[in-house]
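Inspection log for the structure reproduced underneath, given as structure tokens.
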Amino acid sequence: MTDYSEEQRNELEALESIYPDSFTVLSEKPTTFTITVTSEAGENDENVQTTLKFTYREKYPDETPLYEIVSQENLEDNDVTGIINLLEQQAEENLGMHPLKRSDSKQEGKMAW
């Protein structure tokens with residue numbers, strides 16, 4: 001039997017170590033957190049930034065998390081759509097996998113737009 005609470009706690013610890021300056025836990029029941037992602041070179045040398053909010057469902061990682069973009073800076077509508085599409089794709093591809101064994105493209109809290 002899967003201990004969902006323990007798996008979620010372990011993933012939060014891993015995420016906090018990967019994103020120490022941009023990871024914030026909002027609540028523990030349900031597990032909800034944000035990660036702020038920044039790119040240093042947008043158009044006209046502007047920073048591009050988005051804050052993503054994730055909420056684990058009761059049976060996460062066997063259920064996809066809920067996610068949304070809660071803030072953005074210097075993003076075009078098609079960039080926002082692309083981020084949401086990428087999140088949907090990654091959630092489906094990694095459904096049911098142990099959190100620490102997932103393939104992902106995290107790179108020190110930065111994304112290429």
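A heavy-atom distance below 4.5 Å is found between the side chains of I83 and L52. Counting only heavy atoms from C-beta outward, the side chains of F23 and L12 approach each other to under 4.5 Å. Using a 4.5 Å heavy-atom threshold, the side chains of E7 and Y60 count as separate. A 4.5 Å side-chain heavy-atom check between Q49 and N74 finds every atom pair outside the cut-off.
How far OH of Y67 is from CD1 of I84: 7.0 Å, rounded to the nearest 0.5 Å. Here the CG atom belonging to D62 is positioned 12.5 Å from the CZ atom belonging to R57, to the nearest 0.5 angstrom. Atom CD of Q90 and atom OG1 of T64 lie 13.0 Å apart (nearest 0.5 Å). Interatomic distance, L75 CG to I69 CD1, rounded to the nearest 0.5 Å: 7.0 Å. Rounded to the nearest 0.5 angstrom, N94 CG and Q89 CD are separated by 9.5 Å. Taking CD from Q72 and OG1 from T51, the interatomic distance works out to 10.0 Å, rounded to the nearest 0.5 Å.
When all heavy atoms are compared, the tightest approach of Q8 to E58 is NE2-O, 3.6 Å. Closest non-hydrogen pair, P30 versus T55, comes out as CG-CG2, 3.8 Å.
Cluster annotation: L95 is not connected to L66 through the hydrophobic network of ILVMFWY side chains, with a link wherever side-chain heavy atoms come within less than 4.5 Å. By the rule that hydrophobic residues join a cluster once side-chain heavy atoms approach within less than 4.5 Å of another member, L87 and V48 end up as members of one cluster. Grouping the Ile, Leu, Val, Met, Phe, Trp and Tyr side chains by contacts below 4.5 angstrom, directly or via other members, places L26 apart from V70.
T50 contributes a side-chain N or O that, together with a main-chain N or O of S71, makes up a donor-acceptor pair within less than 3.5 Å. Under a 3.5 Å cut-off, the side chain of E63 and the backbone N or O of K59 do form a donor-acceptor pair.
Using a 30° and 60° split on the angle between ring planes, Y56 and F33 fall in the perpendicular class, above 60°.
Open room surrounds CD on E16; 12 or fewer heavy atoms of other groups in view lie less than 6.0 Å from it. The local environment of CD in E73 is crowded, with over 12 non-hydrogen atoms from other residues, nucleotides or ligands closer than 6.0 Å. Within a 6.0 Å radius of CG in N78, other residues, nucleotides and ligands contribute more than 12 heavy atoms.
The side chain to side chain donor-acceptor pair (under 3.5 Å) search around S27 returns T32, not counting sequence neighbours. Judged as a side chain to side chain donor-acceptor pair (under 3.5 Å), and not counting sequence neighbours, E6 has no contacts. Residues passing the side chain to side chain donor-acceptor pair (under 3.5 Å) test with S5: none are found, sequence neighbours excluded.
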